[in-house]
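Accompanying notes for the structure given below.
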Amino acid sequence: MKNYLRPQIRSVLDALGDVPDDFEIELEEPDRPEHGDLATNTALRLASVLGDNPRSIAERLAERLREQVDPSRIRSVEVAGPGFINFRFAQDYLFDGLADLLAEGDTFGQTDVGAGQSALVEYVSANPTGPLNVGHGRNAVLGDTIANLLDWTGYDVTREYYYNDAGRQMRVLAQSVRTRYEALAGGVPTTTRTLDDGTTVEVPETFPEDGYLGQYIIDIAEELYEERGDALLSTDDLTPFREAAEEALFADIEQTLRRLSVEMDGYANEQALHDDGTVEAVLDGLTDAGLTYEADGALWLKTTEFGKDDDTVLVKQSGEPTYRTPDIAYHTTKFERGYDLMIDVFGADHHAAYPDVLNALGALGYDKDKVDVVLYQFVTLVRGGEPVKMSTRRANYVTLDDLIDQVGADVTRFFFLMRSPDTHLNFDLELAEEESEKNPVFYLQYAHARICSILDKAEEVGFSHDADADLSLLIHEDEIALIKELLRFPQALQNAADNRAPHFVPNYLRDVATAFSQFYDNCRIIGEEDALASARMRLALAAKTVLKNGLTVLGISAPRQM
RNA sequence: GCGCCCGUAGCUCAGUUGGAUAGAGCAGCGGACUUCUAAUCCGCAGGUCGCAGGUUCGAAUCCUGCCGGGCGUACCA
């Protein structure tokens, strides 16, 4: 409708004269129903340009618009307040929209702005050093939903998980497994470590200083010992330990993600970027661009040229690259694969690092504007008022699996999605367990289940509605309100996708569920006279469709009964 | 010190490109089930939008400066 009205207003402005060609016509949905279905502030913004008072400009515009607009779409054009022009939709427009919605069914909400374009969404990207934590959960759910949103807006989407398997972190992991393995073979003296939270852990004396203390390391070592016995004691090679750990931990991670309906299309890892020379090529490229120099035995990137206070190390004294270097290399492979849009989902702790990556890509000749970084603020777990730290290196922390066990996958996803990525998330576990019944996700699911129940009931009493029902019978205030709400769905998804703001969707769906519940409360279906009952059944089906489609985008189930 | 995020009802948070009387859920109070699911609906109460300036027809929203909280500011990832 906006696309219909905009040219209409433009032509009226042209007739008025003296209005710049690049004047942008803003149309918005007013908060209050008495302000119509759409409103424009054009007259207000033209007041200074035309040197006239906004009210009189609005009157002139409205008069011409009334003569010009299609009455089957726009019912009224009114001037209100300081000079707003309010439009009201013709009811036929709503009924036609409702019919279209029903015809589209489970694809309603899809748009094609991204058609012909490919997008790569990189998310989770946790290194396989332990079970996923709650922060990873937020990442996974945000990334997955953004991918869904891009999918629904027409993009050809690829979901990818990148991890560092070549650096120090994995070496420490392997050493952790190794010392545990050696302990199993016997004769290894142990020592006691005291953790930040005051608890103590018994570890072999050879256990690395910053080793991984979790029980899962011991499990992996035990499995390895069962398979190989003492065979690995004589070797200095860490590879079998690293591989065993990586394999076991990845299996866990994938399992956890699957519980949240997160399925990646592919994985990328750092080692491959070393093996195929991509890292080397990036270093060469940056050097050719004159952006590197050697100092103190390390290779530096001149990030000061990008406005930073200090330069940044690309390759350490030890000859090992910092994590930034393969990160840049990884991104070049995204570009080389030809994606039109690349989205990275990172925790807020990365905000200082990604500009280096983007600037380096720009220096290498890539269009860095195609990369969009979604940063989310941290999740703080709180249990009984006590904050729970989420360091992977510590032994006891609440895992994502624990969370899913406690509140379920639907609640977990919804909780992470219902608020802006910019908002710090305080997750009180006790509250979540105790109040999961009150979680807003159940409100949406309940509305869906209710509609299913109506369908069951109709079948039970032998009422079959007319698929060609006369929708123009839907003139009750709550029916009209519900139709309007339902028709906003495609735009709601579009806004969510454009702004990388998944939380728009839960907010919108809550409004849908509210509008449906009000309709349900005031408008009976079964038992009404057949034509009206049929029309209302069609409306209920439309609501079910939007709820179902919306929940699908969020990766949340839409149960038939609760 | 510098960079980023946040500060809106008792609590948790919405408020897309600046719009008309700032919203929702929870908690509180009061109503509504002989009816298709009361996990619902209706009503009441609850606010110096952190503070102070500025920009303009109009600011929770944009700009500047403060205050408070978080995260960064590694040859850790």
Side-chain angles (χ1 to χ4, degrees), chain A residues 24 26 28 30-32 34-35 39-41 44-45 47-48 53-54 80-84 86 125-127 129 163-164 167-169 172 210 296-300 307-310 312-324 327 347-353 355 375-378 380 392-393 418-426 428 431 435 437-440 442-443 445-447 449-458 460-461 463 491-492 494-496 498-499 501 503-504 506-507 510-511 513-514 516-518 520-528 533 536-537 540 561-562:
Chain A
E24 197 182 333
E26 292 176 15
E28 58 164 15
D31 293 334
R32 304 177 165 278
E34 62 266 32
H35 294 147
T40 182
N41 58 6
L44 290 162
R45 292 175 51 238
S48 58
N53 81 69
F84 289 100
N86 297 335
S125 292
N127 291 340
T129 57
Y163 60 98
N164 302 107
R168 200 190 70 90
Q169 218 182 22
V172 172
D210 50 358
D296 307 326
L299 185 70
W300 295 73
K308 282 199 126 185
D309 291 341
D310 302 299
T312 307
V313 171
L314 286 174
V315 181
K316 304 181 223 171
Q317 268 180 357
S318 64
E320 217 172 27
T322 61
Y323 70 96
R324 253 169 260 242
D327 242 30
D349 55 338
H350 281 72
H351 89 264
L375 284 183
Y376 61 92
Q377 297 300 307
F378 268 31
T380 305
T392 314
R393 290 195 178 85
M418 65 185 291
R419 36 229 286 187
S420 160
D422 282 340
T423 302
H424 189 96
L425 191 60
N426 277 313
D428 190 319
L431 207 66
E435 298 201 330
E437 289 285 308
K438 295 173 192 161
N439 192 296
F442 294 114
Y443 183 64
Q445 293 179 322
Y446 180 70
R450 253 184 169 173
I451 300 170
C452 294
S453 172
I454 297 172
L455 295 172
D456 293 344
K457 181 74 178 183
E460 197 180 306
V461 302
F463 169 74
Q491 188 63 52
Q494 187 67 61
N495 286 346
D498 289 348
N499 293 289
H503 69 289
F504 287 1
N507 288 339
R510 194 209 44 230
D511 290 344
T514 297
F516 171 76
S517 295
Q518 289 169 337
Y520 174 88
D521 221 52
N522 294 317
C523 303
R524 276 199 70 79
I525 300 175
I526 298 163
E528 290 289 344
R536 285 181 171 171
M537 190 63 98
Q561 54 183 324
M562 298 188 68

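Nothing here was measured: the structure is a model prediction, and the numbers come from that model. By convention in this document, chain letters (A, B, ...) are assigned in the order of the sequence lines, proteins followed by strands, and residues within each chain are numbered from 1. Just so you know, these numbers use all the heavy atoms, side chains as well, and skip hydrogens, waters and symmetry mates.
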Restricting both atoms to N or O, compile the protein contacts to nucleotides 40-44 of chain B shorter than 3.5 Å, with distance only.
unit_1	atom_1	unit_2	atom_2	d
B/U40	O2'	A/Arg450	NH1	3.1
B/C41	OP1	A/Tyr443	OH	2.4
B/C41	O2'	A/Asp521	OD2	2.9
B/C42	OP1	A/Gln518	NE2	2.4

Exercise. Roughly, in whole Å, what's the span from CG in A/Asn507 to P in B/G15?
Worked result: 7 Å
Exercise. Checking all strands, does A/Ala496 fall into the base, sugar-phosphate, or nothing category for heavy-atom contacts under 4.0 angstrom?
Worked result: nothing
Exercise. Run the side-chain contact (heavy atoms from CB on, under 4.5 Å) check on A/Ile454 and A/Ile526 step by step: do they pass?
Worked result: CA-CA 8 Å; A/Ile454 297 172; A/Ile526 298 163; 4.2 Å; yes
Exercise. Roughly how far apart, to the nearest Å, are B/A9 and B/G50 at atom C1'?
Worked result: 15 Å
Problem set entry | Pair A/Gln494-A/Asp498, side-chain donor/acceptor within less than 3.5 Å | yes
For this session: Look up atom CZ in A/Phe463 and atom CD1 in A/Ile525, then write down how far apart they are to the nearest 0.5 Å.
Result: 8.5 Å
Exercise. Charged N to carboxylate O under 4.0 angstrom, A/Lys316 versus A/Asp296?
Worked result: no
Exercise. Which nucleotide, B/A77, B/C36, B/A39, lies nearest any side-chain atom of A/Lys457?
Worked result: B/C36
Exercise. Among B/U35, B/G72, B/C75, which nucleotide sits nearest the side chain of A/Arg524?
Worked result: B/U35
Exercise. Counting N and O atoms only, with roles assigned by atom type, does the side chain of A/Lys457 sit under 3.5 Å from a partner on the main chain of A/Cys452, one being a donor and the other an acceptor?
Worked result: no
Exercise. On a whole-Å scale, what distance lies between the P atoms belonging to B/A60 and B/A39?
Worked result: 40 Å
Problem set entry | Nucleotide-resolved protein contact map, nucleotides 1-8 of chain B, B/S/- at heavy-atom distance under 4.0 Å | -SBSSS--
Exercise. Atom CG of A/Asp349 and atom P of B/A74: how far apart are they, to the nearest Å?
Worked result: 14 Å
For this session: Tell me whether the guanidinium CZ or amine NZ of A/Arg450 lies under 6.0 angstrom from the six-membered ring centre of A/Tyr520 and within 45° of its axis.
Result: yes
Problem set entry | Pairwise P distance for B/C71 and B/C13, with rounding to whole Å | 15 Å
Problem set entry | Trace of the side-chain hydrogen bond (donor to acceptor under 3.5 Å, both in side chains) decision for A/Gln491 with A/Asn495 | CA-CA 6 Å; A/Gln491 188 63 52; A/Asn495 286 346; 3.1 Å; yes
Got a list of protein N/O to nucleotides 58-62 of chain B N/O distances below 3.5 Å?
none

Seminar exercise, completed: Atom CG of A/Leu314 and atom C1' of B/A74 are separated, to the nearest Å, by 14 Å
Exercise. Can you name the nearest heavy-atom pair linking A/Ala353 to A/Tyr323, along with the distance?
Worked result: CB-OH, 3.1 Å
Problem set entry | Nucleotide nearest A/His503 (side chain, heavy atoms from C-beta), chosen from B/A77, B/G19, B/A14 | B/A14
For this session: Any chance you could measure A/Asn86, atom CG, to A/Thr40, atom OG1, to the nearest 0.5 Å?
Result: 9.5 Å
Exercise. Below 4.0 angstrom, N of the basic side chain to O of the carboxylate: do A/Arg168 and A/Glu320 qualify?
Worked result: no
For this session: Scan A/Cys452 against the nucleic acid and name what it touches under 4.0 Å (heavy atoms): base, sugar-phosphate only, or nothing.
Result: nothing
Exercise. Taking only residues two or more places apart in sequence or in another chain, which ones pass side-chain hydrogen bond (donor to acceptor under 3.5 Å, both in side chains) with A/Arg324?
Worked result: A/Asp356
Problem set entry | Touch class at under 4.0 angstrom, heavy-atom based, for A/Ala47 against every strand present | nothing
Exercise. Of the nucleotides B/A77, B/A39, B/A20, which one has an atom closest to the side chain of A/Asn127?
Worked result: B/A77
For this session: Let me know the distance between OH of A/Tyr376 and C1' of B/G70, rounded to the nearest Å.
Result: 15 Å
Exercise. Could you state the CE-P distance from A/Met562 to B/A39, rounded to the nearest angstrom?
Worked result: 10 Å
Exercise. Taking atom CG of A/Asn507 and atom CE of A/Met418, what is their separation to the nearest 0.5 Å?
Worked result: 7.5 Å
Exercise. Is the base of B/C33 syn or anti, if syn means a glycosidic angle within 90° of 0?
Worked result: syn
Problem set entry | Whole-Å distance separating the CG atom of A/Asp31 from the P atom of B/A14 | 17 Å
For this session: May I ask you to check whether A/Tyr443 and A/Thr514 show a side-chain donor-acceptor distance below 3.5 Å?
Result: yes
Exercise. Whole Å only: how far is the CE atom of A/Met418 from the P atom of B/C26?
Worked result: 11 Å
Problem set entry | Closest listed nucleotide, where the reference is the side chain of A/Glu34 and the choices are B/U73, B/U21, B/U35 | B/U21
Exercise. Reckon A/Glu320 touches a base, only the sugar-phosphate, or nothing at all at heavy-atom distances under 4.0 Å?
Worked result: nothing
For this session: Take A/Asp310 and A/Thr40, find for each the nucleotide of RNA chain B with the closest heavy atom, and name the residue whose nucleotide sits nearer the 5' end.
Result: A/Thr40
For this session: Would you check if A/Phe378 stacks with the base of B/G70, given a 5.5 Å centroid limit and a 30° plane limit, both strict?
Result: no
Exercise. Can you list the stems that RNA chain B is part of, where a stem is at least 3 pairs in a row, each Watson-Crick or G-U, with both distances below 3.5 Å?
Worked result: B:1-7 with B:67-73, B:10-13 with B:23-26, B:28-32 with B:40-44, B:50-54 with B:62-66
Problem set entry | Derivation of the side-chain contact (heavy atoms from CB on, under 4.5 Å) call for A/Thr312 and A/Trp300 | CA-CA 5 Å; A/Thr312 307; A/Trp300 295 73; 5.7 Å; no
Problem set entry | Short N-O contact, A/Arg45 and A/Glu24, less than 4.0 angstrom | no
Problem set entry | Nearest-angstrom distance, P atom, B/U61 to B/C49 | 10 Å
Identify all pairs in which a protein N or O lies below 3.5 Å from an N or O of nucleotides 29-34 of chain B, and state each distance.
none

Problem set entry | Between P of B/U16 and CG of A/Asp511, the distance in whole Å | 14 Å
Problem set entry | side-chain contact (heavy atoms from CB on, under 4.5 Å) assessment of A/Phe378 paired with A/Leu425 | CA-CA 6 Å; A/Phe378 268 31; A/Leu425 191 60; over 6 Å; no
Exercise. In whole Å, what separates the C1' atom of B/G28 from that of B/C33?
Worked result: 23 Å
Problem set entry | Stepwise side-chain contact (heavy atoms from CB on, under 4.5 Å) test for A/Val313 and A/Leu299 | CA-CA 6 Å; A/Val313 171; A/Leu299 185 70; over 6 Å; no
For this session: For A/Asn164 and for A/Arg419, locate the closest nucleotide of RNA chain B by heavy-atom distance; then report the residue assigned to the nucleotide nearer the 5' terminus.
Result: A/Arg419
Exercise. Taking N and O atoms by type only, does the side chain of A/Asn86 place a donor or acceptor under 3.5 Å from a partner on the base of B/A20?
Worked result: yes
For this session: Would you indicate which nucleotide in B/A24, B/G72, B/A77 comes nearest to any side-chain atom of A/Arg510?
Result: B/A24
Exercise. Distance-only, no hydrogens or angles: does the A/Asn41 side chain make a donor-acceptor pair with backbone N or O of A/Phe84 under 3.5 Å?
Worked result: no
Problem set entry | Sugar-phosphate only, base, or nothing, as touched by A/Ala353 at under 4.0 Å among non-hydrogen atoms | nothing
For this session: Rounded to whole angstrom, note down the P distance from B/G1 over to B/C76.
Result: 27 Å
